[in-house]
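These notes are about the structure you will find just below.
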Amino acid sequence: MRIIQSDVLSVGAGLAGERVAIEAAENGFSAICLSIVPARRSHSSAAQGGMQAALGNSAMGEGDCPDVHFADTVKGSDWGCDQEVARLFCDNAPIAMRQMAFWGVPWNRVVPGEQTYYKGGKPFTAFEKPENEGLIHSRNFGGTAKWRTCYTSDGTGHCVLFTLDNRAAQVGVTVIDKVEVIGLIHDGETCMGAVARCLKTGELTAYLAKATLIATGGFGRIYRESTNAVICDGGGLIAALDTGVVPLGNMEAVQFHPTGIVPTDILVTEGCRGDGGTLLDKNEYRFMPDYEPEKAELASRDVVSRRMTEHMRKGLGVPSPYGDHLWLDIRHLGEHHIRTKLREVDEICQSFLGVDPVHQLIPVRPTQHYSMGGVRTNKDGAAYGLKGLFSAGEASCWDMHGFNRLGGNSLAETVVAGMIVGAKIVEFLKGAETVIKTASVRDAMAAQQARIDGLVNCASGRENPYAVKNAMHDAIMKGAGIFRNGKDLETCVADLQEILARARKVGLRSNGQGANPELTMALKIEGMVKLALCVAYGALKRTESRGAHTREDYPERNDRDWLTRTLATWAEGADLPTLNYEPATHVFEMPPGDRGYGGGKIIARDE
Amino acid sequence: MARTLTFNIFRYNPADSASRPRMDRFELPETERMTLFIALNKIREDIDPTLMFDFCCRAGICGACAMVINGRPGLACHTKTKDMPDEITLMPLPVFKLVGDLSVDTGTWFRGMYQKVESWVHTDKVFDPAAKEERMDNALAEQIYELDRCIECGCCVAACGTALMREDFLGAVALNRLARFILDPRDERTEKDYFDIVGTDEGIFGCMGLLACEDVCPKHIPLQEQLGKLRRKMALASIKNMLPQFLKKDF
């Protein structure tokens, strides 16, 4: 049996995983990051827009501070977040941004004097103070009171990830890529590491650690139309759910991004709308101000996505062979702005659509984008249910996002949570030793080998894993998409239960040798269907509308009954998750109120 | 539209003792706005589930899907079939170790590169969480970003004449990385430090000036200009190293 041991094992080498590993390595602990792809290809790299932190250096960010950021975050979450965590995040975000600058991120900086910016499609000038020259600049993003988003043109995630991976190489973090975790090693009380399959050779290895971190990002690929990278299939969440004791929080809270391009669902950044891009319908009419007079295109993502869907349902979408869509118009921003400040957007349109955004409209539609839910942790990043297990970043439900996260908050979360949870893991490592039970290691390895043998020998059946995946995609989009209602959700849950039964009968057509991709798919399909069921069943049971979770049959936000967080665990052999609930937050720095957009009714706590 | 595309794809699974290197042919009806990402996934899902290839972001941002497409290294996700002839031949990138079929191990190669050029900011300063950030001119930040846009896809290495002949050649990606740090005032390395890394035949003086690197770079990074500047800087540094102390000055 191949065994590799370290102090910290991070499942995932994106921003959150690497930031935690760096903290451990800087404090003298050995750290290993496992990654399906080379670290720099992690999906963090695709986040173009920026990171929110209340630095307040720019003219439009003047007067900003963590308190204002906190208020935006709690409102954005529709009061679904843990307010202690949101506070921790907002207070620490400026430090994390400065640390990134120290390590080498080429943040855009304040240029003094009169500058031209765009808001709502119109240019205006603002005066940047000479005394702030050269400090970190910020741009506009949806749902915020101040311009607070730190950025490097439109390659923020890419630059921060490259900088962090440089730092990881410098401090001796071991990154092992082309390896996929397929199960955790635990005894029901303590996590001791993970079993991973090498995606070069197919070989299994037991990675043992005192602290194991799940930092595998989102699970968007349970949807067909998703902006997420193809690796974002929830692998770490599946491993946690399979323990039977670790709950996933708020899985029904799924965010859709307003501007995925059609047909490839590649995201074009919110920066387009932040800089003044507008949304047009089939008559090239700008419709958002009719729905949201004040914020128009800059309302939060869930609101914009819903309004777009609403508008298309009225028959005002642009018909295409791939279904209806709308137009994103950035032509008025001008060639210079588009070719420099929005270069990645320009490239995406030219390379994947054959559209020149300087002269042409961009076809867009709302597309699955972000998973607010994930492995439920406390404010230190420690997972519920197993000692020694932690989680950070999109994979976690830490929970600063509640039922809707703000653009720029999640990318910032990766490095801020990484810094905070990393420090807590260091504390954990200094304070305790872990007993590694060899029987647990042997059992976990044997169980995974048996799964693989069963799939290769078609011991349970010959279902095609790709056919099962396609059935799951059809079912979830119909019931648990942007608009939800009881009837469709009930059908969706029933369909997914049938699909789960099929997933349990998957068998390979090929021999499964080496880095066989059919086996890779077969190993995760049952888990993916389980995640889809956590989303759909959680959404069915939550009889209210909050943030991105929109029930047509329950349009009110119900603080009386649903100021809660859903916790989903999966008992062995069950065909539905077990749902429990906990209060959304124990600390109320800001009592529930109206978030100021979206226009929904609220049932108050004391009604 | 309505073309039938023929894909000739290199096949070999080193982990399967029965596998021998060969070319396989697949036929696929072309659909509107098809890219190689869509085509290869279709082949894997519908025809041959064992076909190995790498995609990640499928949006030209992550660099995972570089392969040799009709003789030229490029990103598969970037490649629209409408720009291609009826027959498309796909090979794995050379230089990097083969994992299987079209999949290669770039991770190991690049991590080796980070260590060779010490791809990080070298400074004696210590981060102070209570202090404001050090200032930087925005134009300089944008210049650094320009070089930081590299996605480490490996195309420039696969297309490089020197890299194909000598295994220890750093390649345009590494030379560009060093150029990025030379620009960055936060990196306190001296000209001599940089010279020790790239002032060699494995470094800038191994470059034959064929410049295929720039031709194939999917991010259009100005590699020719960077390599030219670096070569001049390092050549001057080497002359300077030979001068007596009293004649040394900055060029």
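Each chain gets a letter, A, B and so on, in the order the sequences are listed, and its residues count up from 1. When reading the values below, keep in mind they use all heavy atoms of this one structure, side chains included, and skip hydrogens, waters and symmetry mates.
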Out of Pro106(A), Ser510(A), Ala467(A), which one racks up the most heavy-atom pairs below 4.5 Å with chain B?
Pro106(A)
I want to check something: taking the side chain as every heavy atom from C-beta on, are Leu55(A) and Cys150(A) in contact at a cut-off of under 4.5 Å?
yes
What do the steps show when you test Tyr145(B) against Val105(A) for side chain to side chain contact (heavy atoms under 4.5 Å, CB included), and what is the final call?
CA-CA 9 Å; Tyr145(B) 175 68; Val105(A) 171; over 6 Å; no
Segment of Asn13(B) engaging chain A (4.5 angstrom heavy-atom cut-off)
side chain
Turns out that what part of Leu98(B) lies under 4.5 Å from chain A's heavy atoms comes down to neither
If I measure from the heavy atoms of chain B, does Val262(A) come under 4.5 Å with its side chain, its backbone, both, or neither?
backbone
Do Thr227(A) and Ile266(A) touch side chain to side chain, with heavy atoms closer than 4.5 Å?
no
Counting only heavy atoms closer than 4.5 Å, note whether Ser103(B) contacts chain A via side chain, backbone, both or neither.
side chain
Under 4.0 Å between a Lys/Arg side-chain N and an Asp/Glu carboxylate O for Glu180(A) and Arg197(A)?
no
Given that the side chain runs from C-beta out, which part of Asp54(B) has a heavy atom under 4.5 Å from chain A: side chain, backbone, both or neither?
side chain
Most heavy-atom pairs under 4.5 angstrom with chain B, which of Arg343(A), His43(A), Gln513(A), Lys178(A)?
Arg343(A)
Contacting region of Asp265(A) [heavy-atom separation from chain B under 4.5 Å]
both
Is it the backbone or the side chain of Ser226(A) that comes under 4.5 Å from a heavy atom of chain B, or both, or neither?
backbone
Structural part of Glu142(B) lying under 4.5 Å from a heavy atom of chain A:
side chain
Proximity breakdown for Arg149(B) and chain A, heavy-atom pairs closer than 4.5 Å:
both
Chain A contact via Gln143(B) - side chain, backbone, both or neither, heavy atoms under 4.5 Å
neither
Counting only non-hydrogen atoms closer than 4.5 Å, does Phe53(B) touch chain A with its backbone (N, CA, C, O), its side chain (CB onward), both, or neither?
neither
Any carboxylate oxygen within less than 4.0 angstrom of a Lys/Arg side-chain nitrogen, looking at Asp48(B) and Arg44(B)?
no
Interface moiety of Thr123(B) toward chain A, non-hydrogen atoms closer than 4.5 Å:
side chain
Pick one of side chain, backbone, both or neither for Ala130(B), based on which atoms fall under 4.5 Å of a heavy atom in chain A.
neither
Does Phe7(B) have its ring centroid less than 6.0 Å away from the ring centroid of Phe26(B)?
no
Contacting moiety of Asn470(A), where chain B heavy atoms sit under 4.5 Å
side chain
Strictly by modelled atom types, are Glu133(A) and Asn138(B) linked by a side-chain donor-acceptor pair under 3.5 Å?
no
Is there a side-chain contact between Glu18(A) and Arg167(A), using heavy atoms and a 4.5 Å cut-off?
no
Using non-hydrogen atoms and a 4.5 Å limit, figure out which bit of Tyr114(B) sits close to chain A: side chain, backbone, both or neither.
side chain
Going by atom types only, do Glu45(B) and Asn41(B) share a side-chain donor-acceptor pair under 3.5 Å?
no
Can you tell which part of Glu203(A) gets under 4.5 Å to a heavy atom of chain B, answering side chain, backbone, both or neither?
neither
Need one label for Thr152(A): side chain, backbone, both or neither, based on atoms under 4.5 Å from any heavy atom in chain B.
both
Chain A contact via Cys153(B) - which portion, at a heavy-atom distance below 4.5 Å
backbone
Does CD belonging to Glu134(B) count more than 12 external heavy atoms closer than 6.0 Å?
no
So, Thr50(B) versus Asn516(A): side-chain donor-acceptor pair below 3.5 Å or not?
no
With a 4.5 angstrom heavy-atom cut-off, could you sort out which part of Ile261(A) is near chain B: side chain, backbone, both or neither?
neither
Please state whether the rings of Tyr151(A) and His137(A) are parallel, tilted or perpendicular, taking 30° and 60° as the class boundaries.
perpendicular
Measure Val117(B) against the heavy atoms of chain A and call it side chain, backbone, both or neither at under 4.5 Å.
neither
Quick one: what part of Lys200(A) sits under 4.5 Å from any heavy atom of chain B, side chain, backbone, both or neither?
both
Kindly say whether the aromatic ring centers of His78(B) and Phe352(A) come within a distance under 6.0 Å.
yes
Need one label for Arg111(B): side chain, backbone, both or neither, based on atoms under 4.5 Å from any heavy atom in chain A.
side chain
Can you tell me if Arg22(B) has over 12 outside heavy atoms packed within less than 6.0 Å of its CZ?
yes
